[in-house]
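The structure under discussion appears below in the form of structure tokens.
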Amino acid sequence: MERKKRINWTPYLLLLPTILYLLIFFAWPMAKAFQLAIRGGGDALLEIRTQPNADSDVLGEMLIQTPLEVVEHQRVIISETSFSAEDERWFKVTGDDKDGNSITGWAAQNQLTLDGPTRLEGEQRRRTLVIPPEGDTLTLYAEPDASSSIAGEVAGGETGNPIGYTQVATDDGYDIEWVQIRLTDLNDETVEGWTPISTLGMGQRTVVSSETLPFLPLDSIQLPQAGEIPQVSVFAQPNSESDIVGTVTPNTTVTLTGRQLISDEENRRIDDWYRVAADGIEGWLPISFLDQGQGISQSREVRQQASYTVYSIPTIDEEAAIDTLPTETPITLSGYGITLDGLPTSGWNYITFVDENGEAISGWVRRDNIDYPLGGNRPGLSAVVSGGTTSESSLTLSNIKRMVNHNRFWEAFRTTFLLIIIILPIQFTLAIIMALLLQARLKGGTVFLYIYAIPLGVSDLATGLIWYSIFTQSGYINAFLTDLGLIDQNYVFLSAENRHWMIVAVVLAEVWRATSIVMVIVVSGLQAIPGEYIEAGEVFGANLWQRIRYIILPLLKPSLQVALILRTILAFQVFAVILAITGQGLTVLSAEAYSWYSVRSREEVAAAYAGLIMLLSLGISMFYLRAVRTQEEVAKS
Amino acid sequence: MTSITSEKQVATRHELGPEQKRALLQRKIKRATTYIAAILVAIWILLPIWLIGILAFSTPDKVRSGERFIVPEEVTTETMEFFLNVQGIQDAVIRSVIVAVITLILSTLIAMPAGYAISRYIFPGRDAIRLGILAVRAFPVVILSVPMAVTFINLGLINTVWAVALMHTALVLPTAVLIIASVFASVPYELEEAARVFGCSPQQAFRRVVMPLVIPGIAASSILTFVTSWNEVFAAVILTTTERTLPAVILVRLGQSELPFKFAGGFFMVIPSLIFIFIIRRFLFNMWGQVSK
């Protein structure tokens with residue numbers, strides 16, 4: 001009695017390291033997970049503005065790595081000299097703000113990372129392209145890069161619709177436009193690949209009268225004399241010094257069969273030549289003789305938001321400046337040119353506008369200074385927020401919103417539960433059978449015990465690889481079916497179209513791997529059942545099924561309960577099996593947590609997943625425990 | 001209904017002599033069926049390992065070709081060598097072993113006193129602590145690596161074997177404590193008392209009498225710890241970027257690696273499990289049995 005009062009501290013001391021360790025590595029990260037999941041502050045935030053101007057109002061804030069759609073873009077010139085300009089590019093972007101609401105506003109380029117190849121939208125997508133020249137072949141590349149692998153060879157004369165578009169800056173300081181196109185190749189197979197736009201015909205255009213084009217980028221082209229019916233010369237080569245193959249009258253519709261950009265270092269410009277076919281002649285015309293097709297049609301009226309210098313030639317040159325285009329002036333676009341002027345983008349537009357004195361002024365303006373009402377000149381471009389300023393800490397639901405709104409969330413949620421619902425019954429049946437077999441006191445029982453226990457030590461990743469070797473296209477099942485003569489071509493089990501087969505493979509792998517742990521728990525539960533109970537059942541003539549159903553299972557209930565909770569919780573953590581077997585084909589909650597952390601670099605969203613999985617595990621454990629208790633209560637009453 | 005039929009059966013069995021012979025035959029059939037079932041289950045478990053084993057020990061060309069055999073035509077270590085010579089694999093294997101050994105030592109050192117305390121002392125809060133440790137086991141531990149990674153970044157521990165080993169120790173600690181407690185519980189306290197009676201100090205009694213008896217059990221527990229750490233991939237892949245353990249390396253390379261790499265890698269990871277489970281097979285049920293109670 002006296003000893004009871006004196007507390008013996010020894011056990012507490014012995015337990016202290018364990019308790020401390022578990023507090024540091026469980027309680028603390030658990031709290032941290034929930035904190036991370038609802039924390040909104042401390043992030044780099046990018047301010048989205050109402051105008052392409054750092055002094056304009058802030059519309060909202062975006063988190064770093066937010067994916068964006070570029071709606072339009074503008075170049076704001078801070079200072080301009082003859083061959084260079086200090087400028088800032090601003091992009092009008094649409095994306096989720098830090099609270100997950102969609103906003104549209106302006107951000108400066110230095111805080112965005114622009115994505116490469118993008119999809120074409122609208123007008124450009126519908127334009128039919130022709131592969132010139134006929135009889136020749138065109139090489140399609142896998143990437144918008146002539147050094148990338150070749151996607152296919154296409155015969156000349158084919159037509160197709162572009163599906164992607166991008167601009168690639170070259171070392172020489174100008175952009176090459178690449179088009180992604182889907183065509184039928186020489187082997188009659190459909191190929192998708194990239195080609196420089198200069199190799200493609202651009203559909204049909206109209207030759208515009210030379211009178212509407214007072215500026216000709218090529219000095220040696222003879223201007224038609226007044227009074228003459230203007231004729232436009234067509235050249236044999238993309239070069240104004242080459243032979244003239246014929247002439248066309250203005251307003252003739254020509255078919256564009258090719259395009260070539262010729263860089264003229266001396267005059268700091270690129271001459272843009274089109275190969276055209278009309279009236280039985282085929283040859284080359286400089287772009288200034290052509291209207292701008294559907295992209296920028298002749299005489300399209302647009303408004304711009306700032307004032308710009310208008311030049312007589314497409315070069316930033318003080319001497320060539322002819323006027324200043326005032327803000328909000330309607331302009332008519334009628335020409336397009338490219339020059340080498342030391343800036344990466346060198347597109348120019350030939351415009352006409354009416355100045356204050358009512359006089360019509362025509363001249364060249366940098367193309368990206370024009371505010372295109374229909375979404376800029378790079379439709380469908382996407383970007384990612386890459387910079388910003390650090391914000392104050394605050395509580396937010398944005399991480400949870402982001403988790404739930406992501407397109408793979410519900411799929412992951414459903415697949416997780418679907419797998420649990422399919423796997424658990426099979427697993428428990430098999431585990432009970434295995435346990436009963438081990439209890440049957442067979443000869444060589446220890447050998448069976450060892451074999452049955454092997455999967456205990458096999459990791460989920462190794463299990464995934466093992467079953468991958470069975471189900472993959474060159475796997476055992478296909479080899480087996482081929483040997484039997486049932487199939488003559490390997491069947492692709494693990495593909496997005498065969499979701500059910502991927503689930504079958506994962507179920508088999510999980511049953512194979514994780515049944516052993518259930519079995520071990522069931523065996524130790526069986527060992528605790530007094531042998532007399534089962535013998536009594538036998539004496540009274542109960543058959544095997546009756547003995548299992550009415551004696552063993554009720555007595556096993558506590559063990560099964562433990563196994564059920566353990567298995568369900570472990571099932572939430574499985575992801576390597578799924579990754580190894582299906583790649584990205586199937587996804588579960590833990591796989592999403594992994595990819596949010598590792599691939600998408602958003603630890604807050606990964607933490608939200610961690611929190612969700614913890615809550616689900618807890619909830620399901622409670623549910624199991626409650627379910628049992630109520631049954632017992634029912635039994636008692 | 002059931003009770004009536006069973007009474008009838010019992011009655012018939014006692015009345016008819018030849019029927020007993022039939023019962024004996026039935027018993028033999030039953031026994032044979034049991035064996036067949038046991039062997040079928042054994043095949044179910046062994047076959048997949050056998051299949052990937054064949055692939056791991058055929059030539060890489062054969063693995064790529066898609067020809068598959070149940071019995072290997074020739075055994076060669078070419079594919080395994082190919083796998084082990086892939087850039088970074090050997091380092092990853094060494095790292096995996098280092099992580100597993102640190103985990104083993106740390107968890108055993110921390111868990112031993114705790115296990116001893118739980119099995120040998122009766123003290124206020126004992127059940128609560130035992131339950132607490134059990135409850136911790138029931139948490140999706142690996143998920144904790146995500147918030148833990150943020151902390152390791154701040155501590156400069158991210159991307160080191162220590163980060164992974166510390167996380168793995170947390171992962172195995174609850175199980176280790178409970179297993180070691182059950183190992184100590186299997187040594188009767190009377191033995192310790194007897195040693196004290198014969199003049200040993202408590203420390204001597206522990207060292208000379210208890211330790212030799214618990215060492216096999218604790219060794220088995222440590223091996224289980226080692227295997228768990230060797231296999232663990234989620235925490236390993238989250239907590240490292242370049243200093244990855246073997247499973248983490250294989251996981252991140254899944255997308256761009258070819259079949260011989262995958263199959264040899266899969267089989268290589270299974271080998272330690274085959275050996276270690278064989279060593280500790282006798283302890284498995286005691287260990288898990290105790291833990292699941």
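All values below were derived from every heavy atom in this structure, side-chain atoms included, with hydrogens, water molecules and symmetry-related copies excluded. Every chain is numbered from 1 and lettered A, B, ... according to where its sequence line falls, protein lines coming before strand lines.
The two atoms that bring B/Ala117 and A/Leu15 nearest to each other are CB-CG, 4.0 Å, heavy atoms only. In terms of heavy-atom proximity, A/Ala580 sits nearest to B/Leu254 at CA-CD1, 3.5 Å. Taking every heavy atom of both residues into account, B/Pro247 and A/Leu461 meet most closely at O-CD2, 3.2 Å. When every heavy atom of A/Trp467 is checked against every heavy atom of B/Pro48, the shortest pair comes out as CZ2-CG, 3.8 Å. Of all heavy-atom pairs between A/Leu465 and B/Met269, the closest is CD1-CE, 4.0 Å. Of all heavy-atom pairs spanning A/Thr18 and B/Ala114, the tightest one is OG1-CB, 3.1 Å.
Heavy-atom contacts from other residues, nucleotides or ligands closer than 6.0 Å to CD1 of B/Ile122 number 12 or fewer. Atom OH of B/Tyr121 sits in a crowded spot, with more than 12 heavy atoms from other residues, nucleotides or ligands closer than 6.0 Å.
Proximity to chain A is limited to the side chain of B/Leu173, based on heavy atoms less than 4.5 angstrom apart. Of the two parts of A/Asn478, neither the backbone nor the side chain holds a non-hydrogen atom closer than 4.5 Å to a non-hydrogen atom of chain B. Only the side chain of A/Thr10 has a heavy atom closer than 4.5 Å to any heavy atom of chain B. With a 4.5 angstrom heavy-atom cutoff, B/Phe276 does not touch chain A via any of its atoms. Only the side chain of A/Phe448 comes within contact range of chain B, with heavy atoms under 4.5 Å apart. Both the backbone and the side chain of A/Leu508 come within less than 4.5 Å of a heavy atom of chain B. Using a 4.5 Å cut-off between heavy atoms, B/Val41 touches chain A through backbone and side chain atoms alike. For A/Leu430, the part lying under 4.5 angstrom from a heavy atom of chain B is the side chain only. Contact of A/Tyr12 with chain B is made through the side chain alone, with heavy-atom distances under 4.5 Å. With a 4.5 angstrom heavy-atom cutoff, B/Leu109 does not touch chain A via any of its atoms. Residue contact with chain B, scored on non-hydrogen atoms closer than 4.5 Å, involves the side chain of A/Ile470 exclusively. Proximity to chain A (any heavy atom under 4.5 Å) is shown, for B/Pro124, by both the backbone and the side chain. Proximity to chain B is limited to the side chain of A/Ile19, based on heavy atoms less than 4.5 angstrom apart.
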Take A/Tyr21 and B/Leu166 through the test side-chain contact (heavy atoms from CB on, under 4.5 Å) and record every step on the way to the result. CA-CA 9 Å; A/Tyr21 201 94; B/Leu166 287 172; 3.5 Å; yes
side-chain contact (heavy atoms from CB on, under 4.5 Å) evaluation trace for A/Tyr476 with B/Ile54: CA-CA 11 Å; A/Tyr476 282 100; B/Ile54 295 171; 3.8 Å; yes
For the pair A/Trp596 and B/Val146, evaluate side-chain contact (heavy atoms from CB on, under 4.5 Å) and give the outcome as yes or no after the intermediate values. CA-CA 10 Å; A/Trp596 274 106; B/Val146 173; over 6 Å; no
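The CG atom of A/Leu22 sits 11.0 Å away from the OG1 atom of B/Thr169 when rounded to the nearest 0.5 Å. From A/Ile466, atom CD1 reaches atom NZ of B/Lys262 across 14.5 Å, with rounding to the nearest 0.5 Å.
Ring planes of B/Phe278 and A/Tyr450: perpendicular class, angle over 60° (limits at 30 and 60°). Using a 30° and 60° split on the angle between ring planes, A/Phe575 and B/Phe234 fall in the perpendicular class, above 60°.
Counting heavy-atom pairs closer than 4.5 Å to chain A, the top-ranked of the candidates B/Ile49, B/Thr241, B/Val63 is B/Ile49. Ranked by non-hydrogen atom pairs under 4.5 Å with chain B, the options A/Arg513, A/Lys443, A/Gln473 are led by A/Lys443. Per-residue counts of heavy-atom pairs under 4.5 Å with chain A were compared for B/Ile45, B/Ile110, B/Leu46, B/Thr228; the largest is that of B/Ile45. In terms of heavy-atom pairs under 4.5 angstrom with chain A, the leader among B/Ala42, B/Gly265, B/Ala37 is B/Ala42. Counting heavy-atom pairs under 4.5 Å between each of A/Gly475, A/Ala462, A/Ser469, A/Pro17 and chain B puts A/Ser469 at the top. Listed options B/Val233, B/Ile277, B/Ile118 were ranked by heavy-atom pairs under 4.5 angstrom with chain A; first place goes to B/Ile277. Considering only heavy-atom pairs separated by less than 4.5 Å from chain B, the leading option among A/Leu442, A/Val458, A/Ile454 is A/Leu442. Most heavy-atom pairs under 4.5 Å with chain A: of the set B/Ile250, B/Val252, B/Val237, this distinction falls to B/Val237.
Between A/Tyr468 and B/Leu259 the shortest side-chain heavy-atom distance falls below 4.5 Å.
Between the side chain of B/Trp44 and the main chain of A/Trp512, no donor-acceptor pair closer than 3.5 Å is present.
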